[in-house]
Amino acid sequence: MWKIGLLLLFWVLLTSGELQQEETEPERRSQPPSGKLDFGYVPQGVYQTLAYYEPGVIGILFHMVHAFLYVVQPNPFPEDLIIKVAKDKFGAVQSEYQKPENIVLTLQAIYYETGFMVCAVLGLLFMVLLPLAGLFFCLCRCCDNCGGEMHQRQRKNADCQRGLLTTLLFATSLVITAGVLCAYAANQNLSSQLKGMRRLVSSNLRDLQSFTNETPTQIDYLIAQYATAKNKVISDLDNVGPLLGGKIHEELGKDVCPAMDGALNMAGAMRETKEALENVSMSLEVLQEATGKLHFNLSLVRFSLNRTLSDPGCSDEDSDATTAQLCRSIRSSLAQLHVSANFTRLPDVNNQLESVNQLLKTDLSNIIQKGYSSFNDTPGIVSDQMRNVVEGARGMLDIIGTNISSFSKVFPVHSTMANFTNFISHTHSKIEDSYPEIDQMDFYRWICCIGLCCMVVLILAFNFLAILCGTIGYDKHASPTTRGCVSNTGGTLLMAGVGFSFLFSWILMGVVTATFLVGGNVEKLVCEPFHTKQLFKVLDTPHLVNPEWRNFIPGYMYNDSDLDLTVESLYSNCKENRGIYSAMRLDKVFNVTTFLNSSLYTKEVGKMFNDVKIDLRVIVLLESEGKQNLIGFSETGVDRINYAAYLEEVNKGVTQVDLLSYANELEAQTDLMPKGPLQTSLKGHANSLRQIHSQQVIPMEQAMSMLNQSIRLLERTASDLPNKVTDILATIEAAQYLISQNATQVVNQETEKYKQTIVGYFRQYIEWVRTSLTMEVAACKPFSNIVDTVEIVACSFLVDSLNTFWFGLGCCALFLLPSIILSVKLAKFYRRMDTEDVYDDIETIPMKTILAYDTMTRFPRASAPPRHIDW
């Protein structure tokens, strides 16, 4: 069976494939992360077995038994002792027990089993002594001793004694009842769980069937998913231009793009310079013309104001001192009505403007865009030069796919799985055939256990019926010789119970002792160590099974005992539903690279990409015409403009005084004058100033603002212009040299990354296959479920039920001792006596309240006193 399984796993490994690790560790660390592939989910079989058992209410009894066993056997699991005994092959201990080491092992075993041995000795003493005690008790009673004489001495506390004995016997009977119910529950639980065992067995076999059915499907899925890696590689090869060329473009662009952006910005600066020069020229012309007109109009206003201020009303201080003072003030402010800025002395910029216009006849931006286009065509250049490599890689992919697909035809996995399925079906049918025999054996066991319980139930029936009859038939006025029939029947039943107790107790204790020794030791030496995994440590002890084997599983199956494969690791991996490939450590047994040498293809791909030569000298970033255009821009004379003179005049106001404020102040002073021709004339001059301000000053201020902005823009552009142009040209030359002469390093670097990306898809596929084989393919959960099922059936079903049965039955057997003693004593108070005590003083007897009490007349049998003084 295991050979069939190994054949299946061997085929799984062959289809998985592996990559040899040719590269050095630093190379692996330098590999870029490749694109993540999605291989989907490996088809998984649904395992139905739930290897878990919850006992329910009866679990309380199981815990009580476990606690009792811990009290009996508190010693830890004797791992070292078992290992030593196992290594001595058991027989040596028996044949050479005189050796000191074997004596030590024997003493260690006795020490470990001390609790069990003490309990077993007590049980044997119980079995031997109780029947003997019963025999002597019967003989003693036949001789009218040991309570056999039908005479009871009357005492004042007789009723109290009778009640106490009844209560104690009833309580003892209740304890025995609980014990027999515990034993009965364990008996029924075992029978019911054995019927449920069929479900677990069928479920495990169905899981094995699913295992055999799903494994070929999973392997086919692993092979089919090579297409995912292949399609991704083909996609990347088809897009070698954007992928490889794009990366080369991106790396070179770190130097090229800043240079080209600088040139493009300079082309924009040329256009801005033209616009600024035009604005300066136009603004200067407007301001020069407007300055003349403003000067003329202000002169007229001053002349008119002087003539108005010559009015006699302004000089007659005697008649109107206020007016005269205001006139003097206005006359003194007329000197402010002059133009402040003088634009006529500023030089024009026509020569610079003409030079820039001449340069702009050449479209520098278009030339730069051609350089951009040439550089951005890097992916296309790479795609054209990589065409032969792509075609060769396609052919190699087809070869790899053919080799992988051919493996599924080499090994007859489906026929192997079919044979394994037939084996499972045959095993299932044999198990099904054994069920009637198991049921029959369980029925016999159930009958025997019920028989033992019935022994106890019979004794309990006598006890409870006796207590019932004794209680109902009790008459406090009756003397021991006059007790009624019902009370006498109770006493007889008690003695019957005592007799059956002597007959059955040793049988019960014998069964309890035997089952206690078996069930208790199995629980402490097998079940409990299995849960704590100490049993696995014993099985995994080096050189335990064979002195030459370090680990017996790989030593037996693979003839390699040094392989790290233990029972515990195998069980734990299967428990976690890992693949049998990982659980059985088959990766260390089979060298699949001899069947699928993927490293060979990796080397071939590496050689193909190592021969790649990408020539980027066709890329021209900036033609000579564009370079001359930039040089010409630095020679236009823009940097020789007298910006300081322009800014000096622009920073001045249009007039020395704000005409609008001056007009408002003039009008305010006029309002202080008396109404008349003088006031009217001065207000007219104020309105004239306002009109000049709105029609001439405001347009001039706007023109000056435009001139200021343009001059400052030209000043920033012209600042160190020749050096700026020189730097741009030097940067472009350096970028051009990098592309034409020194791009090999960048090309090789990005080609290596691209190659590793392509190879990375194969590595991802191989790694996915490894992971799938480890975690998903042929998940060996059914095998750990079988072990767990055996543990559930053996420990939870059988051993726990067996231990609970002897625990309940032992409780019954032990409490039969107080039941016997109490029944014998209580029978004296229930049974009708032949004789009783006779008192001379009637006042001293308990029935003193009875009138005309005549013992001899009413009870002639009460004639003689007891023969023994102490009775």
Side-chain angles (χ1 to χ4, degrees), residues 241-242 245-282 349-385 614-641 709-710 713-743 746-747:
K247 288 294 184 179
I248 295 174
H249 176 271
E250 181 180 349
E251 286 298 318
L252 294 176
K254 295 177 181 178
D255 295 321
V256 173
C257 290
M260 298 299 291
D261 290 343
L264 190 61
N265 292 335
M266 190 58 69
M270 292 174 66
R271 292 190 296 271
E272 292 176 355
T273 300
K274 174 192 173 184
E275 295 175 359
L277 289 172
E278 289 176 345
N279 291 335
V280 169
S281 179
M282 181 180 64
V349 292
N350 293 332
N351 292 334
Q352 289 86 350
L353 180 60
E354 183 179 356
S355 298
V356 172
N357 287 332
Q358 188 67 27
L359 289 175
L360 289 177
K361 291 180 180 179
T362 301
D363 192 350
L364 180 60
S365 297
N366 185 42
I367 295 174
I368 295 174
Q369 289 299 330
K370 288 181 180 179
Y372 269 119
S373 299
S374 177
F375 178 64
N376 291 336
D377 193 41
T378 301
I381 297 173
V382 172
S383 180
D384 292 338
Q385 297 181 10
I614 298 177
D615 187 3
L616 301 178
R617 286 179 292 180
V618 296
I619 298 175
V620 178
L621 297 179
L622 187 64
E623 297 176 354
S624 60
E625 185 179 4
K627 296 177 182 179
Q628 292 299 323
N629 195 267
L630 286 173
I631 295 173
F633 180 54
S634 65
E635 298 174 352
T636 54
V638 177
D639 55 329
R640 293 191 295 271
I641 296 176
Q709 294 176 4
S710 299
L713 174 63
L714 288 172
E715 185 181 25
R716 288 195 300 270
T717 303
S719 176
D720 201 22
L721 181 60
N723 291 332
K724 290 180 180 179
V725 172
T726 301
D727 291 343
I728 290 173
L729 292 175
T731 305
I732 291 177
E733 287 295 336
Q736 185 67 58
Y737 181 81
L738 172 65
I739 294 174
S740 302
Q741 305 296 331
N742 204 25
V746 175
V747 170

- Query: For the side-chain contact (heavy atoms from CB on, under 4.5 Å) test, which of Ile381, Val382, Ile739 pairs with Ile248?
  - Reply: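 Checked Ile381, Val382, Ile739 against Ile248; only one passes side-chain contact (heavy atoms from CB on, under 4.5 Å): Val382.
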
Distance in Å, [X] [atom1] paired with [Y] [atom2], rounded so as to fall on 0.5 Å steps:
X      : Y      : atom1 : atom2 : answer
Gln736 : Leu729 : CD    : CG    : 12.5 Å
Tyr372 : Ile619 : OH    : CD1   : 14.0 Å
Asn357 : Lys274 : CG    : NZ    : 5.0 Å

Measure across [X] and [Y] and return the closest heavy-atom pair with its distance rounded to 0.1 Å.
X      : Y      : result
Thr717 : Lys724 : O-NZ, 4.2 Å
Met260 : Ile368 : CE-O, 3.5 Å
Ser710 : Val280 : CB-CG2, 3.5 Å
Ala259 : Thr731 : CB-CG2, 3.2 Å
Pro258 : Gly253 : CD-O, 3.4 Å
Gly246 : Pro379 : N-CG, 4.0 Å

- Go through the steps for Leu264 and Gln369 under the test side chain to side chain contact (heavy atoms under 4.5 Å, CB included), then give the verdict. CA-CA 8 Å; Leu264 190 61; Gln369 289 299 330; 4.0 Å; yes

- Message: Quick check against the 3.5 Å criterion: does Asn629 have a side-chain atom that pairs as donor or acceptor with the backbone of Leu359?
- Response: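 Yes.
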
- Task: Return yes if some donor-acceptor pair links the side-chain N/O of Asp377 with the main-chain N/O of Ser373 below 3.5 Å, else return no.
- Result: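 Not at all, since once roles are kept as given, no pair shorter than 3.5 Å links the two residues.
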
Heavy-atom distance under 4.5 Å between the side chains of [X] and [Y], does that happen here?
X      : Y      : answer
Val620 : Lys370 : no
Leu277 : Val356 : yes
Thr273 : Val638 : yes
Gln709 : Asn279 : no

- Task: Determine, stepwise, if the pair Leu616 / Leu252 fulfils side chain to side chain contact (heavy atoms under 4.5 Å, CB included).
- Result: CA-CA 11 Å; Leu616 301 178; Leu252 294 176; 3.6 Å; yes

- Could you tell me which residues satisfy side-chain hydrogen bond (donor to acceptor under 3.5 Å, both in side chains) with Asn376, sequence neighbours excluded, listed by chain and number?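 Per chain and number, Asn376 pairs via side-chain hydrogen bond (donor to acceptor under 3.5 Å, both in side chains) with His249.
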
- Count the heavy atoms of every other residue, nucleotide or ligand shown that sit under 6.0 Å from NZ of Lys247, and state whether that count exceeds 12.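 No, the 6.0 Å shell around NZ holds no more than 12 heavy atoms from other groups.
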
